[in-house]
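Below you'll find the structure, written out as C-alpha cells, and then a few comments.
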Amino acid sequence: MSGFRRARSDRSDRSVVRRLSSSFGLLIGIVGLADENDRLRRLDAERDRLAAAARQTGMGIRSSLDLDQILDEAVRGLGEALRADHVLVLLAEDDSGPAVPVVRAWSTNRGSLPPEELHRLPSAPAKTIREHYAQDTSWSLDDIRPYLASGAALPGAPGSFGTVGPPTDIRAALTAIGVVSLLVTPFGSGMEAMGAAVLCRCRPGDVWLPMEVEAVESIAAGLGRAVRRSRTYRQETELVDRLQALDKAKNDFLSTVSHELRTPLTSIVGYVELLANDSGPLSDDQRHMLKVVDSNAARLRNLIEDLLTISRIESGAFTSERLPIDLRRLVNSSVEAIRPAASAVPVTLRQVPAEDDLIVLGDAPQLDRVLMNLLTNAVKFTPPGGLVTVSTCCRNGEAVLTVGDTGIGIPEKDQKDLFHRFFRASNATERAIPGTGLGLAIVRSIVTNHEGRLEIRSTEGEGTTVTARLPLLPDVPGSG
C-alpha cells in the first residue's frame with residue numbers, strides 16, 4: 001500500500017510541475033509579447049517624430065531664397081532630427097572643379113562652425129559625389145573606426161572610397177572628431193549632382209535605422225531643390241543688376257550726347273536765321289536750301305528734346321511744374337503750329353472747338369509736348385488727302401482731348417508694344433516713315449505724371465484715335 005501511495009504522489013507532483021511550467025511559459029510569452037508591443041510602439045513614435053522633424057526642416061529650407069539661410073537650416077535640422085553629433089554639407093559651386101568643399105558644419109556642442117574653420121576641413125572628390133548621386137541611394141557604416149585606422153576601402157562606398165579607401169586627410173578629420181558611425185546622402189536637382197550631407201555619430205552601437213535614412217533622404221531631396229531655386233534667383237538678380245547698370249549707362253550716354261548736340265545745333269539755327277534775314281538778297285534756290293536746313297534742324301531739335309525727356313523720365317528726374325492752365329487755348333496754339341505741316345502733305349486738319357473752358361492743373365510746356373507729339377504723329381502717318389481731327393470736351397470731371405486720323409493705322413500685333421521706348425509699328429518701318437519710337441512713350445509718361453489716362457484705338461488701314469483724359473480743377477464751370 002505504501003508503494004502505491006508513493007507512486008500516486010509522484011504522479012501528482014509531476015502534474016503540478018507540468019502545470020507550473022506551462023503557466024510559467026505562458027507568463028514568459030505574455031511578458032515577451034508586451035515587450036514587443038512596447039518596442040513597436042517606440043518604433044512608431046520614433047517614425048512619427050522623424051517624419052515631423054523632416055517636414056519641419058523641409059519647411060524651413062523652402063521658406064528662404066538665401067543660400068546661407070537654407071544651408072544653416074539644413075545642418076541644424078539634420079543634426080537635431082537625427083541625433084547626430086556632427087553634420088557636414090558639401091556643396092559644389094556652379095563652375096565646380098575637381099573637389100567639392102564643405103560649406104557648412106554643425107555639432108551638438110558648438111552649433112554651426114565659423115567660416116574660418118570650414119576652410120580647414122577636407123573636400124571630397126567631385127567624381128565621387130557625382131557617382132554617389134547617380135546611384136540614388138544613401139551609404140552608411142555602423143562602425144567606421146577599423147577602416148579609418150587601416151586606410152582600407154569602405155565596403156559599398158561610392159567611387160574611390162569603395163575601392164582604395166578615403167584619402168588620408170578625410171580619414172584624419174573623421175578620426176579627430178571621434179566618428180563611429182557614418183551616413184552619407186547625396187543631393188542634387190534633376191541630373192545635376194550638387195553635393196552631399198554627411199552625418200556622424202560618436203556613440204558605439206548607435207546604428208542607423210532605415211527610418212532614419214529615409215528621413216535624411218527626404219530632407220536632402222528638399223535641400224537640392226532649394227539650392228537650385230536659390231541659385232536661379234541669384235542668377236536672375238545678378239542679370240537684372242547688370243541690365244539696370246547697362247540701362248543707366250545708356251541713359252547717361254543719351255543725356256550727355258543730347259546736351260552736347262544742343263550747342264552746335266543752336267549755332268546752326270542761329271546762322272540760318274542770319275542768312276535768311278540779314279545776308280542781303282537771296283535767290284529762290286538759296287532760300288529753298290535754307291528752308292531745308294531749317295526744317296531738318298527743327299527735326300533734330302525735336303529728336304534731342306525727346307532723348308533728353310526720356311532720359312529724365314527713366315532716371316527719375318522728370319518733374320512737372322503744375323499750374324492752372326486752359327487746355328482749350330493750348331490746343332488752339334498747337335493746332336496752328338502744326339497746320340503748315342498738314343498743308344504740306346496735304347492733310348485736312350479739322351478742329352472741333354470745346355464749348356467750355358477746360359482748366360486743368362498742368363505743366364504747359366509738357367502738355368504742349370503731348371499735343372505736338374500726337375498731332376505730328378497723326379499728320380505723319382496720314383497719306384495725302386486724309387483727315388486729322390482734334391477735339392476737346394469735358395466729361396465726368398475730366399478734360400478729354402482726342403486726336404484722330406484716317407492714316408495707315410497700327411497692326412493689332414504691334415499695339416501691345418506701342419508705349420515701349422524706341423518701338424515702331426511694323427507697317428511704319430516697312431514704309432520707311434521716319435521716327436524714333438519715343439513719342440508715345442513720352443506722351444504716356446507726361447499724361448500719367450498729370451494723373452491722367454491715355455487710350456488708343458486703331459485699325460490697320462483705317463486710322464488711329466488717341467484719347468487723353470486729364471482731371472479738371474474742381475469748382476470750374478462746366479466740369480460736372
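Numbers for residues simply follow the sequence, beginning at 1.
- Residue pairs meeting the salt bridge (charged side-chain N to carboxylate O under 4.0 Å, His left out) criterion with at least one member in residues 45-61, sequence neighbours excluded: Asp44-Arg47, Glu46-Arg49.
- In this structure, Gly362 and Leu367 approach most closely via the heavy-atom pair CA-CD1, 4.1 Å.
- Heavy-atom neighbours of Gln351 CD from other residues, nucleotides or ligands within 6.0 Å: above the threshold of 12.
- With sequence neighbours left out, the salt bridge (charged side-chain N to carboxylate O under 4.0 Å, His left out) criterion links Glu462 to no other residue.
- Looking at Leu90 and Ser123, their side chains never come closer than 4.5 Å, going by heavy atoms from C-beta outward.
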* To do: Take Val403 and Thr465 through the side-chain contact (heavy atoms from CB on, under 4.5 Å) test and state the conclusion after the steps.
  => CA-CA 6 Å; Val403 178; Thr465 299; over 6 Å; no
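- A donor-acceptor pair under 3.5 Å is absent between the side-chain atoms of Thr402 and the main chain of Ser391, judged by distance alone.
- When atom types are taken as modelled, the side chain of Ser107 and the backbone of Asp85 share no donor-acceptor pair closer than 3.5 angstrom.
- Residue pairs that meet the side-chain hydrogen bond (donor to acceptor under 3.5 Å, both in side chains) test with at least one member in residues 213-222, sequence neighbours left out, are Ser138-Glu217.
- Applying the salt bridge (charged side-chain N to carboxylate O under 4.0 Å, His left out) rule to pairs touching residues 362-373 yields Asp306-Arg369, sequence neighbours excluded.
- Inter-residue side-chain proximity for Ser64 and Glu73 is flagged as unmet; no heavy-atom pair is nearer than 4.5 Å.
- Using a cut-off of 4.0 Å between Lys/Arg side-chain N and Asp/Glu carboxylate O, Asp414 and Arg424 are scored as not salt-bridged.
- For Arg62, there are no salt bridge (charged side-chain N to carboxylate O under 4.0 Å, His left out) partners at least two apart in sequence or on another chain.
- Residue pairs satisfying the salt bridge (charged side-chain N to carboxylate O under 4.0 Å, His left out) criterion with at least one member in residues 432-454, sequence neighbours excluded, are listed as follows: Arg322-Glu451, Glu398-Arg453, Arg453-Glu455.
- For Asp405 (side chain) and Gly463 (main-chain N/O), no donor-acceptor pair under 3.5 Å exists by modelled atom type.
- Side-chain N or O atoms of Ser283 include one that pairs as donor or acceptor with a backbone N or O of Gln286 at under 3.5 Å.
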